[in-house]
There are 2 protein chains.
Amino acid sequence: MPEDQETTAAAGRSPSSEVIAQALKDRVLSGGYAPGQRLIEMELAEEFGVGRGRVREAFRTLVGEGLLAFVANRGVMVRRFTREEMLSIGRTREVLEGLAARLAAERELTAEEQAALSDCQARMDRAVAADDVEEFNRENRSYHALIAQFAGNELILDFLDRARVPLMRLQLPPGAAAESMPRSNRHHHAITTAILTGMPDAAEAAMRAHVRRGNQHIAELPDEDFQ
Amino acid sequence: MPEDQETTAAAGRSPSSEVIAQALKDRVLSGGYAPGQRLIEMELAEEFGVGRGRVREAFRTLVGEGLLAFVANRGVMVRRFTREEMLSIGRTREVLEGLAARLAAERELTAEEQAALSDCQARMDRAVAADDVEEFNRENRSYHALIAQFAGNELILDFLDRARVPLMRLQLPPGAAAESMPRSNRHHHAITTAILTGMPDAAEAAMRAHVRRGNQHIAELPDEDFQ
DNA sequence: TTGGGTCAGATTGTCAACAATCTTGACTCT
DNA sequence: AGAGTCAAGATTGTTGACAATCTGACCCAA
């Protein structure tokens, strides 16, 4: 991967441990690394053009954040989840996304924020009309990220990042398969309306129901999807 | 602190980075280190009898877990929270504790688990009757820990650990001051009953109300408590 | 006094070398 | 063939030494 080399190593001279941690985090969250994949200190040290110590420290940060798993004398690997764990995590995601929706509805959103939410909703509507699953998934991700951001609560953002890790493994946001796309978008409409009209209870309830429906989707996946 | 030296350094030969991280974590959570206090690599390296690298890696883990704050070229310090941050975190804690109560109520608790919960409740009752704030605080902590454990969801345990960090700073669980002790315990009774009788909705609602009331307490603290 | 400059000590940042451990594959013996 | 053994290579664990940076005290001039 030579172009990757250029973007990461050649850019700023000698990236700090934090920069490396962020780069690795992005790769894990975007699915660049597969779950269970082992990360080799030396390889990454060479790729980033630094000593092994810096890579080790980046590893430790990500272990603390729960993205990587550490085994003594074997190094780190991208954390892997069983179906039960994913369902547990999904349950947690349910209340956190619900809280984010509530907080967004409680806040006085700025005109720009309201527009951003409406625009995102409109793009999802178009994607559903065009039956474009890819586009819908993209916008769906933005939609949830937007709401979490509007909540204005740093910890929720952190926690949701972590709670979304296992979803990457399934490539697509749960419940966004072709058949469930229209239903998912109906949920979105209920949430969008509740937030824009300032109804916290309704926003939280709608979001929780929405996420719960997605988790149900995970429960129904065949065993093969979990190795 | 010479006796501390003995308990940590002299015990097992050369503690690993993880052991050091755990030891530091305990000190932060138990108030052994004050918020804002700077931790010096060399000091700790000598105390534990290891090189600086191991201490640095322990630091990085704790930064990832949100216990320590890192500043480039200045090292780490025990993380300090503003009142706003504490309220944001409290809000998150509200839904997480609520979910834990719900999951505990949804599960079929074993006889032992039911007894443990009842016993804890009884001890709190006695503490209230005896007007023993110290004892009530201790049992209150056990009570919440017990419920989180009964939820059987690893991630909630992790998240709640993190969300409870800023409370340590205030020495006592919020809402457990002498005057609010009876009210706090009335809440506990509602929660205990809902869990033992298998009423998830009631358990979650009661727990959320309980935690929210505690957060209100934080909002009313004088500015001096936040430095 | 006050503002700024500068220097020494303290502390963190970084690496490369060596030690310890694990993994792999070939080899042997039954 | 199968199981056990061993050695070589790969990878992680650890440290000490040196470089870079920050902090605070001191000094001097306006």
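In this structure Phe59(A) satisfies the ring pair (Phe, Tyr, Trp, His ring centres under 6.0 Å) test with no other residue, sequence neighbours excluded. Qualifying ring pair (Phe, Tyr, Trp, His ring centres under 6.0 Å) partners for Phe150(B), counting only residues two or more places apart in sequence or in other chains: none. Here Glu106(A) pairs with Arg102(A), Arg91(B) under the salt bridge (Lys or Arg N to Asp or Glu O under 4.0 Å) rule; sequence neighbours left out.
Using a 4.0 Å cut-off between charged side-chain N and carboxylate O, Glu65(B) and Arg60(A) make no salt bridge. One finds a salt bridge joining Arg164(B) and Glu97(B) here, because a Lys/Arg side-chain nitrogen approaches an Asp/Glu carboxylate oxygen to under 4.0 Å. One finds no salt bridge joining Arg79(A) and Glu154(B) here, because no Lys/Arg side-chain nitrogen approaches an Asp/Glu carboxylate oxygen to under 4.0 Å.
Leu109(B) and Gln114(B) make their closest contact through O-NE2, 3.4 Å (heavy atoms, listed as atom of the first residue, atom of the second, distance). Scanning both residues, Ala127(B) and Met181(B), for their nearest heavy atoms gives O-CE, 4.1 Å. Across all their heavy atoms, Arg54(A) and Ser17(A) have their closest contact at O-OG, 3.6 Å. Shortest non-hydrogen contact noted between Ile20(B) and Pro15(B) is CD1-O, 3.9 Å.
You can see that DNA chain C meets the heavy atoms of chain A within a 4.0 Å-exclusive cut from dT14(C) to dT23(C), reading 5' to 3'.
Defining each end axis of the helix from dT1(C)-dA30(D) to dT30(C)-dA1(D) as the rotation carrying four pairs' C1' atoms onto the next four, with five pairs an end, the two axes are found to diverge by 10° to 10 degrees.
Following rounding to the nearest Å, Phe48(B) (CZ) and dT14(D) (C1') show an atom-to-atom distance of 17 Å.
A heavy atom lying under 4.0 Å from DNA chain C marks the following residues of residues 53-78 of chain A, by number: Arg54(A), Asn73(A), Arg74(A).
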